[in-house]
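In this text the structure is predicted, and so the values were computed from the model without any measurement.
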Amino acid sequence: MLHIQGSKASVTKEGVLEIANKLNISIPSDVVDFYIKNNGGFCERNTFFIGDEGYKVNEFLSFGVGESSMETSYQVVFIENKEMPDYLVPFAVDAGGDYFCFDTSRDGFGRIFFFESEYYDEPERSVVYLAKTFSDFISKLEIDR
């Protein structure tokens with residue numbers, strides 16, 4: 001089980017779905033469940049490894065709270081910037097300001113990606129596949145080696 005610290009005020013399923021409606025996106029059920037229990041925050045098991053390459057979660061974004069909320073990040077970084085892939089919705093950020101995202105496309109709904117903004121104009125480099133589902137992603141987080 002993942003122990004989250006620094007979580008914001010709790011959010012209800014209805015609250016998450018209301019935000020999803022406002023943004024015109026669908027949110028995978030395992031993401032909704034996570035946010036009902038943990039509205040943002042950070043944890044010790046925070047690194048997803050692919051081989052020796054580690055992708056470190058600095059902070060899980062919150063729903064409906066603060067400038068670094070999921071919906072603000074999605075709106076400002078992914079929707080307002082036409083260069084960014086609008087099918088990705090950020091749920092966490094690394095220390096460098098890059099995003100962990102879930103896929104909202106019909107063909108890949110729920111998959112988890114890391115978006116490296118440095119390569120935003122090179123989709124084959126900027127979007128790194130991490131996991132089939134959010135639950136799979138969370139279960140594979142480790143303490144940084």
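Listed for the Ser62 side chain is no donor-acceptor partner under 3.5 Å among the backbone atoms of Ser69. Looking only at distances, a side-chain donor or acceptor of Asp94 sits under 3.5 Å from a matching main-chain atom of Gly96. No donor-acceptor pair under 3.5 Å is formed between the side chain of Asn39 and the backbone N or O of Val11. At least one donor-acceptor pair closer than 3.5 Å links the side chain of Arg45 to the backbone N or O of Leu141.
Among pairs with a residue in residues 24-35, those fulfilling side-chain hydrogen bond (donor to acceptor under 3.5 Å, both in side chains) read Asp30-Ser135, at least two apart in sequence or across chains. Listed by first and then second residue, the salt bridge (Lys or Arg N to Asp or Glu O under 4.0 Å) pairs that reach into residues 49-61 are Lys56-Asp144, sequence neighbours excluded.
Taking each heavy atom of Pro28 and Gly110 in turn, the nearest pair found is CG-CA, 3.7 Å. Residues Leu23 and Met70 approach most closely at CD1-CE, 4.1 Å, considering heavy atoms. The two atoms that bring Lys132 and Asp136 nearest to each other are N-OD2, 3.8 Å, heavy atoms only. Closest approach of Val16 and Val32 over heavy atoms only: CG1-CG2, 3.9 Å.
Distance check: Thr47 OG1 to Glu142 CD gives 8.0 Å after rounding to the nearest 0.5 Å. Within the model, atoms CG of Leu61 and NZ of Lys8 stand 10.0 Å from one another, a figure rounded to the nearest 0.5 Å. Taken from CD1 in Ile112 to NZ in Lys140, the straight-line distance is 11.5 Å, to the nearest 0.5 Å. Going from atom OH of Tyr55 over to atom CZ of Phe137 covers 11.5 Å, rounded to the nearest 0.5 Å. Thr12 contributes atom OG1, which lies 11.0 Å from atom CZ of Phe63 (distance to the nearest 0.5 angstrom). For the atom pair CG of Leu17 and NZ of Lys22, the computed distance is 13.0 Å after rounding to the nearest 0.5 Å.
Here the side chains of Asp86 and Phe78 are not in contact, with every heavy-atom distance at 4.5 Å or above. Annotation: side chain of Phe115 is not in contact with side chain of Pro90 (no heavy-atom distance under 4.5 Å). No side-chain heavy atom of Leu88 sits less than 4.5 Å from a side-chain heavy atom of Thr104. Side-chain contact check for Ser7 versus Phe60: every heavy-atom pair is 4.5 Å or farther apart. Contact of the Ile4 side chain with the Phe42 side chain is not registered, since no non-hydrogen atoms from C-beta on lie closer than 4.5 Å. Within the 4.5 Å cutoff, the side chain of Arg125 has no heavy atoms near those of the Glu116 side chain. Residues Phe134 and Phe102 have side chains not in contact (no heavy-atom distance under 4.5 Å, counting atoms from C-beta outward).
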Quick one, Asp103 with Ser105, criterion side-chain hydrogen bond (donor to acceptor under 3.5 Å, both in side chains). Give me CA distance, side-chain angles, the key distance, then yes/no. CA-CA 6 Å; Asp103 185 342; Ser105 70; 2.7 Å; yes
When you look at His3 and Glu44, which way does the side-chain contact (heavy atoms from CB on, under 4.5 Å) test go after all the steps? CA-CA 8 Å; His3 179 70; Glu44 185 177 28; over 6 Å; no
Evaluate ring-ring contact (aromatic ring centres under 6.0 Å, His included) for Tyr99 paired with Phe91, printing each intermediate quantity in order. CA-CA 7 Å; Tyr99 292 94; Phe91 64 84; 9.9 Å; no
Take Tyr129 and Phe113 through the ring-ring contact (aromatic ring centres under 6.0 Å, His included) test and state the conclusion after the steps. CA-CA 5 Å; Tyr129 173 80; Phe113 291 94; 5.7 Å; yes
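In the hydrophobic clustering of ILVMFWY residues, with side-chain heavy atoms under 4.5 Å counting as a link, Leu130 and Ile138 come out together. Residues Ile79 and Phe100 are members of one and the same hydrophobic cluster, defined by side-chain heavy-atom contacts under 4.5 angstrom among Ile, Leu, Val, Met, Phe, Trp and Tyr. Connection of Val77 to Tyr87 is established within a shared hydrophobic cluster, with ILVMFWY side chains joined at heavy-atom distances below 4.5 Å, either directly or through further cluster members.
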